[in-house]
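The structure under discussion appears below in the form of C-alpha cells.
Predicted model, so just to flag it, every value in this text is computed and none were measured.
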Amino acid sequence: MFFHASRSEEYRKPFGACPADSTVLLHFDTDLDAANVTLCYTYGLYEFSYHEEPMTLTSKEADRNRFRVSIMLPHEPGLLFYWFKYKDCDGQILFYVAEGDTADGSGRVFTQPPRVGADEDKYPYAWQITVYDKDFVTPDKMKGASIYQIFPDRFRRSKDFNYASVVKNCKREERIYHEDWYEDVDIEGKPSTGYLACDFFCGSLNGISEKLDYIKSLGINIIYLNPIFEARSSHRYDTADYLNVDPILGGNEAFTKLVKEAQSKGITLILDGVFSHTGADSRYFNKFDRYEGTGAYKSYLTGEESDYRSWYNFYRDEENGVSYDSWWGFPDLPNVNENSLSYRRFVFGEGGIVDTWTSRGAGGIRLDVSDELPDSFIRQMRSALKSYTNGEGILVGEVWEDASNKCSYGSYRDFMLGRTHDSVMGYTFRKCVLDFLNDYISAEVFDSRMEGYRERYPAQAYYCIMNLISSHDVPRAYTLFSKPADVEGRQEQLKIKVSEEDSKHCEMLMRMAFAIQTAYVGASCIYYGDEILMDGYKDPFNRRTYPWDKLSKRQEEELEAVRKIASLRNENPVLKTGYYETLLAEGGSLVFRRYLDSERKDYFGNLIADGAEEIILILNRESDSCCYRIEGDKVKKLDSSDALSSDMVISKSLNESFDIKVDADSFVFVVRK
C-alpha cells in the first residue's frame, strides 16, 4: 500500500495554497517493507532548486507504515512541486507521483520521477503547493461578485441616437454603419478594404446608463466593459487613444455620467486595457497619418523625433521594406515594447492611463492577454492601480489556462502569487461546466478538476475568479449546448443556430450553468444576452446586438428565471464568501454546499448576520428524475424516485433530514436557515 492524498488533511495540512514562510505537514503511507522513504521537492519560479528530505516513521500498523515530514515553505513566493521516493523489497527505486482526475488528490506508483520544467511535457505529475505573498489581499467587492460583461457597440443605443449625425461626424472609408439595430453582423467588410471588424451598430455608454436598472435587476454589482477607448474597429482592441472614450460611444462625458449613475446603484466599472499592442491607426503609431504629430512609424521612416518611437520595434525586411513586431503577425496591431520606460511612464505615471481612468471613476482594469505581458509590467500595474485607488482597484487578467502554473515564453508566470492579478477570467471554470453539462465528463471528473483549481489557487484569488460560461472570445454557451459541428469560415458559421427541437434542452442547461455560477466559489459573470438565450457561434456571431424590443415569450421567461436565481446570491452572503464542500459527485449528479461555521463566520472569518447559514445545490444531468436523501451535511442518491417534486428554492432547518426529487436536466437549491 502506497498512499498520499493532497486534498485530505490526514495527508497534507493545511489544504491548498499557502503563504510564504508557513509550514506544511505531509504524510505518506507505504508497504511494511519499503525503505529509504524520501520526500522529493523542487521550488522556485523562474529558476528551481531541487532537494530531498528523509521522512520520519511515525506509526506502524498491520498493513502499512506511516511516514511524515514538516516543511517550512520558501520565503519568496513561487511554486513548490513534490513527490515521494522509496525502495521496494527488491531494492528498486520507485516514485509515488500525483495522478489526474482523482477525487482526493491521491496518486500512483511510477518508475520515473515527475517532469515539472516549464518547457517539459509534465508527465508524470507532481503535487503542487502555490506559495503566495503572505500580505496578499483582494478587494472584498470582488469576492463573490456578480458581474455583467458588455460589448459596448452591441448592447444598446441611447435614446437620442442620431444615425445621420454619427455617419457625418465619424467618416472612415473602411467603416460600415448599421442603421437597423436588428441587422446581423457584417462578415465581409467593404469591397475596397475587406473584412476589418469595422461595422458599427453604435451602442453607447449612454445606452448602458439608460439600462442600469435592468442590469441591477440581475443582481449585478460590477460591470466589465470591453474596450471603450477610441479605436478604428468596433471591438476596439486596436487602441488609438488610451486617454479618451471613443466618440461613437459618447466620449468622456458619457463615461462620467455612467460612472456617477452606476455608483449610485452600487455598481463598479472594470475597463478593458490592451497594453501588449496598439492600433497601427493610432496617435502613437500613426501609420496612416490620421492623427496630429509624429507617430513612431513616421519617426522610423524619416528620422523625425517622436515621443513614441521607443515603444515599438522596427526593422528592415529582406527587400529593405519597413517591418515591425506585431501581435500574432497582424500589421494593424503593432506590438508595444512594455519594457520601454517611456511607455511605462505613460501607463503608470502621474497623468497616465491608470491615473486618468481611476480618477474618472474606474474601479478596476482587465488586462488583455496577460500572458503576453512581462511579469514585471503586471506587478507595476498592480502597484499603480492599488496606489491610485487606496487599495480598492481590481486587477483581472485574461488567462485561459490554470493561472497558478501557467507557462509562457519558457517560464512559469507570476500570476497567482499575490503580486500581480487579483483575479483571472475563469475559462477553466467554463470548460469544466460545459463539459459536465454536455455529458463529456462525469460529475466525478468535474469535481476532481474543480477541486484541483481550488487547491492550487490562493483563496483570496479563488473567491474572485471571474466564472464565465460565455464571452466575446468564445461561442455562446447556449449555442454550444446544441453541440454544433465545428466548421471554418464565417459563411458556414453564420448558419449555426439552436434548432427549435434543441431549444428546450439548451435552455435548461443554461439555467443549470447559471445555477452553478451562482452557487460556486468565485465571481459569477454573465455575458450580455446570455440571460435571454442569445445565440451565436464564434466571433463575430457571439457579438450580436441585444434584441431589446423583440424578446420572445421564452426569452422573457428565461430572464425571470435568471433574476430568481441571481437573487439567491444577493440575499444570502454565504454564496459569496462561505465555505465550500462537495457532498456528492456521481455520474450525472452533482451536489455541493456553501456554508458558514458554527459562529456564522465565513471563510475569511467575517461574521455574516444576514441570510441562510447553508445553501445546497443539487444538479441532476441525468435523462431521468433522481431522488436524494439529505441528512445533515450528508447526501445520498436513492434508487427510488418516489418523493414529491420540489420547488427551485426550499427552506429547511439545518437538522432536518428529508428526501428530495430532482427532475431530469434540472436542479434544486436547498436553503437552510
Donor-acceptor contact below 3.5 Å, side chain Gln517 vs main chain Asn467: yes

Give a yes or no on whether the backbone of Asp371 and the side-chain of Arg413 come within a donor-acceptor separation of less than 3.5 Å. yes

Is Pro139 close to Asp422 at the side-chain level, that is, under 4.5 Å between some pair of heavy atoms? yes

Counting N and O atoms only, with roles assigned by atom type, does the side chain of Ser448 sit under 3.5 Å from a partner on the main chain of Val445, one being a donor and the other an acceptor? no

Can you check whether Tyr453 reaches Ile465 side chain to side chain, under 4.5 Å on heavy atoms? no

Check against salt bridge (Lys or Arg N to Asp or Glu O under 4.0 Å), Glu210 and Lys159: CA-CA 8 Å; Glu210 293 164 4; Lys159 293 178 180 178; 5.4 Å; no

Say you draw a straight line from CZ of Arg456 to CG of Asp402; how long is it, rounded to the nearest 0.5 Å? 4.5 Å

Between Ser482 and Asp502, does a side-chain hydrogen bond (donor to acceptor under 3.5 Å, both in side chains) hold up when you go through it step by step? CA-CA 6 Å; Ser482 67; Asp502 291 335; 5.2 Å; no

Is there a side-chain contact between Tyr284 and Ser282, using heavy atoms and a 4.5 Å cut-off? yes

Asp246 (side chain) donor-acceptor with Gly250 (main chain) under 3.5 angstrom: no

Taking ring pair (Phe, Tyr, Trp, His ring centres under 6.0 Å) as the test, write out the residues that go with Phe446, two or more places apart. Phe436

Under the side-chain contact (heavy atoms from CB on, under 4.5 Å) rule, what do Tyr163 and Cys202 come out as? Steps first, then yes or no, please. CA-CA 8 Å; Tyr163 175 77; Cys202 302; 5.8 Å; no

Looking at Pro547 and Leu551, what are the two nearest heavy atoms and their distance? O-CD2, 3.4 Å

Report the C-alpha distance between Ser404 and Gln128 in whole Å, list the side-chain angles of each, state the deciding distance to 0.1 Å, and finish with yes or no for side-chain hydrogen bond (donor to acceptor under 3.5 Å, both in side chains). CA-CA 9 Å; Ser404 74; Gln128 174 184 320; 3.1 Å; yes

Stacked cation flag Lys287 on Tyr297, 6.0 angstrom / 45 deg: yes

Grab the two heavy atoms, one from Trp357 and one from Asn244, that are nearest each other, plus how far apart they are. CZ2-N, 3.8 Å

side-chain contact (heavy atoms from CB on, under 4.5 Å), that's the test. Do Phe481 and Met512 meet it? Break it down for me. CA-CA 11 Å; Phe481 283 138; Met512 294 177 75; over 6 Å; no

Closest non-hydrogen atom pair between Thr420 and Arg382, with its separation: O-CD, 2.9 Å

Has Asn252 got a side-chain atom pairing as donor or acceptor with Val245's backbone, closer than 3.5 angstrom? yes

Residue pairs passing the side chain to side chain donor-acceptor pair (under 3.5 Å) test with at least one member in residues 523-536, sequence neighbours excluded, are Tyr148-Glu531, Tyr214-Glu531, Ser470-Asp530, Arg476-Asp530, Thr479-Asp535

Going by heavy atoms in the side chains, are Asp486 and Lys538 under 4.5 Å from each other? yes

With side-chain contact (heavy atoms from CB on, under 4.5 Å) as the criterion, how do Ile516 and Phe667 come out once you've worked through the C-alpha distance, each side chain's angles and the decisive distance to 0.1 Å? CA-CA 10 Å; Ile516 298 174; Phe667 60 93; over 6 Å; no

Taking the side chain as C-beta and beyond, is there a heavy-atom pair between Pro475 and Gln493 under 4.5 Å? no

Aromatic rings Tyr427 and Trp400: how do their planes relate, parallel, tilted or perpendicular, breaks at 30° and 60°? parallel

Closest heavy-atom pair and its distance - Thr518, Arg569: O-NH2, 2.7 Å

Would you say the side chain of Phe541 lies within less than 4.5 Å of the side chain of Ile496, judging by non-hydrogen atoms? no

Main-chain N/O of His472 paired with Arg543 side-chain donor or acceptor, under 3.5 Å: yes

Does any non-hydrogen side-chain atom of Lys495 lie less than 4.5 Å from one of Val487? no

Atom CG of Asp186 and atom CD1 of Ile176: how far apart are they, to the nearest 0.5 Å? 3.5 Å

May I have all residue pairs that pass ring pair (Phe, Tyr, Trp, His ring centres under 6.0 Å) and include part of residues 169-193, sequence neighbours excluded? Tyr177-Phe200, His178-Phe201

Counting only N and O atoms by type, is there a donor-acceptor contact under 3.5 Å from the side chain of Lys122 to the main-chain atoms of Asp119? no

Quick one: CG on Leu468 to CD1 on Ile147, what's the gap to the nearest 0.5 Å? 9.0 Å

Apply side-chain hydrogen bond (donor to acceptor under 3.5 Å, both in side chains) to the pair Glu230 and Tyr291, showing each step before the final yes or no. CA-CA 12 Å; Glu230 183 178 340; Tyr291 291 87; 2.9 Å; yes

Here the gap from Ser146 atom OG to Ile215 atom CD1, rounded to the nearest 0.5 Å, amounts to 13.0 Å

Return the CZ to CG distance between Arg544 and Asp184, rounded to the nearest 0.5 Å. 4.0 Å

Polar side-chain atom of His277 near backbone of Asp325 as donor-acceptor pair, under 3.5 Å: no

Counting heavy atoms not belonging to Lys483, are there more than 12 under 6.0 Å from its NZ? yes

Distance to the ring centre below 6.0 angstrom and angle to the axis at most 45 degrees; does that hold for Arg490 and Tyr195? yes

Are Tyr520 and Val433 side-chain neighbours, meaning at least one heavy-atom pair lies under 4.5 Å? no

d(Lys406 NZ, Glu401 CD) to nearest 0.5 Å is 3.5 Å

Would you check, one step at a time, whether the test side-chain contact (heavy atoms from CB on, under 4.5 Å) holds for Lys564 with Phe669? CA-CA 11 Å; Lys564 185 177 181 182; Phe669 283 100; over 6 Å; no

Shortest non-hydrogen contact from Ala443 toward Ala585: O-CB, 3.6 Å

Any donor and acceptor pair, going by atom type alone, linking the side chain of Arg154 with main-chain N or O of Thr545 inside 3.5 Å? no

Is the count of non-hydrogen atoms from other residues, nucleotides or ligands lying under 6.0 Å from Tyr440 atom OH greater than 12? yes

Taking all heavy atoms of Ala485 and all of Tyr537, pick out the closest pair and write down the distance. O-OH, 4.2 Å

Step by step, work out the ring-ring contact (aromatic ring centres under 6.0 Å, His included) result for Phe415 and Tyr457. CA-CA 10 Å; Phe415 283 175; Tyr457 283 43; over 10 Å; no

Show your working on side-chain hydrogen bond (donor to acceptor under 3.5 Å, both in side chains) between Arg454 and Tyr580 and close with a plain yes or no. CA-CA 10 Å; Arg454 191 167 73 93; Tyr580 173 89; over 6 Å; no

My understanding is that only one of Asp663, Asp439, Asp435 makes a salt bridge (Lys or Arg N to Asp or Glu O under 4.0 Å) with Arg621; could you say which? Asp439

Taking everything shown except Glu120 itself, do over 12 heavy atoms lie less than 6.0 Å from its CD? yes

Using atom types as modelled and distance alone, determine if a side-chain donor or acceptor of Gln149 lies under 3.5 Å from a backbone N or O of Ile223. no

